[in-house]
2 protein chains.
Amino acid sequence: MAALPSDRLGFLLSFRGELTGARIRAALGVAGLHPRNAMTLMQLAPGAMSQRDLAAAMEVDPSQLVAILNELEADGLAERRRDPADRRRHIVKITEAGAAALGRVDAAVGEAERELFGGLTEAEQTLLRGLLDRVVVNPADHECGE
Amino acid sequence: MAALPSDRLGFLLSFRGELTGARIRAALGVAGLHPRNAMTLMQLAPGAMSQRDLAAAMEVDPSQLVAILNELEADGLAERRRDPADRRRHIVKITEAGAAALGRVDAAVGEAERELFGGLTEAEQTLLRGLLDRVVVNPADHECGE
DNA sequence: TATTGTTATACTCTATAACTATA
DNA sequence: TATAGTTATAGAGTATAACAATA
């Protein structure tokens, strides 16, 4: 379902968000990476962390993260090593090659944003950011029927 | 992946759009309908049309629409009848029960929008709509490699 | 031969629970 | 007994191609 069925603001935001996400994912894949793998590199960029904390930060199930890290490690973009202090834990760290790939990804995302928001002035982009920040305060309430 | 990995505007729009979509889908399901079935009723509300045209309007594959219409028809919310002028065609029409269900759906979506955008003034909502309308002009270019 | 709707198939994504090794 | 990571399984969603009826 890709066509707007009404002129409601909620639909407009949802559909434009979807299109924007598609464009961003295309940019994330520029280095030959699966978009979610590129997202994982982004999360790892500030510093190493345990696999569990990484899953929490990304809000994905730990079991999903396993496949992502297997691929990143096979490509030499990230590495897992046992935490000597607690040998159950894996410390996940981005590699130099991973940082280089992330640099290319970041450039592609920047280019995508210039395309997406190039029609807006800097002031308008700031305005849009401010308005979006004030939308959707408690989204999860209706997912699980709280 | 539900957590923002950067403060980029593209990510913000994509993620807020995702959350908004989730809230809207919850509202669409209020009448016991699958969200995409409710969307289909919305498309049918203005008037009957052929199954092919309906698929085109919704931008879904005709084969996906089959299952949707089977369910809507089983629930008595829409009906298919052969086009006498071209017996290959099905004319799809919303029923009275379908229109009633759609009324409940519409009320729920309105309530969802009041929650989502209640923090914004009417003027701000209009502003947001205007800004969103000027984003993402040619989204498909990067999906299929044009 | 082309078109409309349908069916069948396969592939991705996601959610869940069971399993191991360590604590 | 609880926790970190892993594996296996099943479900939803989607994309594609083959098919029957009609033009």
Side-chain angles (χ1 to χ4, degrees), chain A residues 1-3 14 18-19 21-22 25-26 28-29 33-40 43-44 48-74 78-93 140 143-145, chain B residues 1-3 14 18-19 21-22 24-26 28-29 32-40 43-44 48-74 78-93 140 143-145:
Chain A
M1 182 71 181
S14 174
E18 183 63 35
L19 292 174
R25 280 190 295 276
L28 289 173
L33 293 170
H34 193 296
R36 74 184 160 207
N37 295 12
M39 296 284 267
T40 304
Q43 294 280 359
L44 287 175
M49 68 180 95
S50 82
Q51 207 163 314
R52 178 179 177 73
D53 290 344
L54 180 56
M58 296 174 64
E59 294 179 24
V60 300
D61 194 90
S63 67
Q64 295 175 13
L65 189 55
V66 174
I68 296 174
L69 292 179
N70 287 346
E71 292 170 15
L72 287 176
E73 213 166 19
E79 39 183 43
R80 287 182 270 211
R81 57 179 170 76
R82 289 279 168 199
D83 182 349
D86 181 345
R87 291 188 42 73
R88 291 174 303 184
R89 278 192 167 80
H90 278 162
I91 303 296
V92 187
K93 186 165 155 273
E143 283 288 41
C144 312
Chain B
M1 181 72 180
S14 174
E18 182 63 36
L19 292 174
I24 294 285
R25 280 191 296 276
L28 288 173
L33 293 169
H34 192 295
R36 72 184 161 208
N37 294 12
M39 297 285 266
T40 305
Q43 294 279 359
L44 287 175
M49 68 180 96
S50 82
Q51 206 164 315
R52 178 178 177 74
D53 291 343
L54 180 56
M58 295 175 66
E59 294 179 24
V60 300
D61 193 89
S63 66
Q64 294 175 13
L65 190 53
V66 174
I68 296 173
L69 292 178
N70 286 347
E71 292 171 15
L72 288 175
E73 212 166 20
E79 40 182 42
R80 286 182 271 211
R81 56 177 170 77
R82 287 278 167 201
D83 182 349
D86 182 345
R87 291 187 45 72
R88 291 174 302 185
R89 278 193 167 79
H90 277 162
I91 304 295
V92 188
K93 187 165 154 274
E143 283 287 39
C144 311

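If you're wondering where the values come from, they're calculated on a predicted model, not measured in any experiment. Every chain is numbered from 1, with letters handed out A, B, ... down the list of sequences.
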Visitor: Run the salt bridge (charged side-chain N to carboxylate O under 4.0 Å, His left out) test against Arg80(A) and tell me which residues pass, sequence neighbours left out.
Guide: Glu73(A)
Visitor: Would you say a side-chain N or O of Arg88(A) is under 4.0 Å from OP1 or OP2 of dA21(C)?
Guide: no
Visitor: Rounded to the nearest Å, what distance is computed from the CG atom of residue Leu72(B) to the C1' atom of nucleotide dG5(C)?
Guide: 16 Å
Visitor: Please list, pair by pair, any protein nitrogen or oxygen found under 3.5 Å from a nitrogen or oxygen in nucleotides 11-13 of chain D.
Guide:
| residue | atom | partner | partner atom | Å |
| --- | --- | --- | --- | --- |
| dG13(D) | OP1 | His34(B) | NE2 | 3.0 |

Visitor: Is any side-chain N or O of Arg87(A) under 3.5 Å from a base N or O of dT22(C), one able to act as donor and the other as acceptor?
Guide: no
Visitor: Starting from P on dT4(C), measure out to CD1 on Ile91(B) and report it in whole angstrom.
Guide: 12 Å
Visitor: Excluding sequence neighbours, so at least two apart, what forms side chain to side chain contact (heavy atoms under 4.5 Å, CB included) with Leu54(B)?
Guide: Thr40(B), Gln43(B), Leu44(B), Met49(B), Met58(B), Leu65(B), Leu69(B), Val92(B)
Visitor: Rounded to the nearest Å, what distance is computed from the CD1 atom of residue Ile68(A) to the C1' atom of nucleotide dG5(D)?
Guide: 14 Å
Visitor: Just jot down the side-chain hydrogen bond (donor to acceptor under 3.5 Å, both in side chains) partners of Arg36(A), sequence neighbours excluded, or say none.
Guide: none
Visitor: Round to the nearest Å and state the distance from Asp86(A) atom CG to dT22(C) atom C1'.
Guide: 7 Å
Visitor: Could I get the full list of side-chain hydrogen bond (donor to acceptor under 3.5 Å, both in side chains) partners for Glu79(B), not counting sequence neighbours?
Guide: none
Visitor: Under the rule for side chain to side chain contact (heavy atoms under 4.5 Å, CB included), what residues qualify as partners of Arg81(A), not counting sequence neighbours?
Guide: Ile91(A)
Visitor: Considering non-hydrogen atoms only, spot the tightest contact between Ala3(A) and Ala57(B) and give its length.
Guide: CB-O, 2.8 Å
Visitor: I need the CD-P distance between Glu59(B) and dT14(D), as an integer number of Å.
Guide: 14 Å
Visitor: What are the atom names and distances for every N/O pair under 3.5 Å that joins the protein to nucleotides 6-10 of chain C?
Guide:
| residue | atom | partner | partner atom | Å |
| --- | --- | --- | --- | --- |
| dT6(C) | OP1 | Arg80(B) | NH1 | 3.3 |
| dT6(C) | OP2 | Gln51(B) | OE1 | 3.4 |
| dT6(C) | OP2 | Gln51(B) | NE2 | 2.4 |
| dT6(C) | OP2 | Arg80(B) | NH1 | 2.9 |

Visitor: Rounded to whole Å, please give me the gap between CE in Met58(A) and P in dA15(C).
Guide: 13 Å
Visitor: Just how far is it from atom CD of Gln64(B) to atom CD of Glu59(B), taken to the nearest 0.5 Å?
Guide: 12.0 Å
Visitor: Whole Å only: how far is the CZ atom of Arg52(A) from the P atom of dA2(D)?
Guide: 14 Å
Visitor: Can you list the residues that meet the side-chain hydrogen bond (donor to acceptor under 3.5 Å, both in side chains) rule with Arg88(B), with sequence neighbours excluded?
Guide: Asp86(B)
Visitor: Who passes side-chain hydrogen bond (donor to acceptor under 3.5 Å, both in side chains) against Asp53(A), sequence neighbours left out?
Guide: Ser50(A)
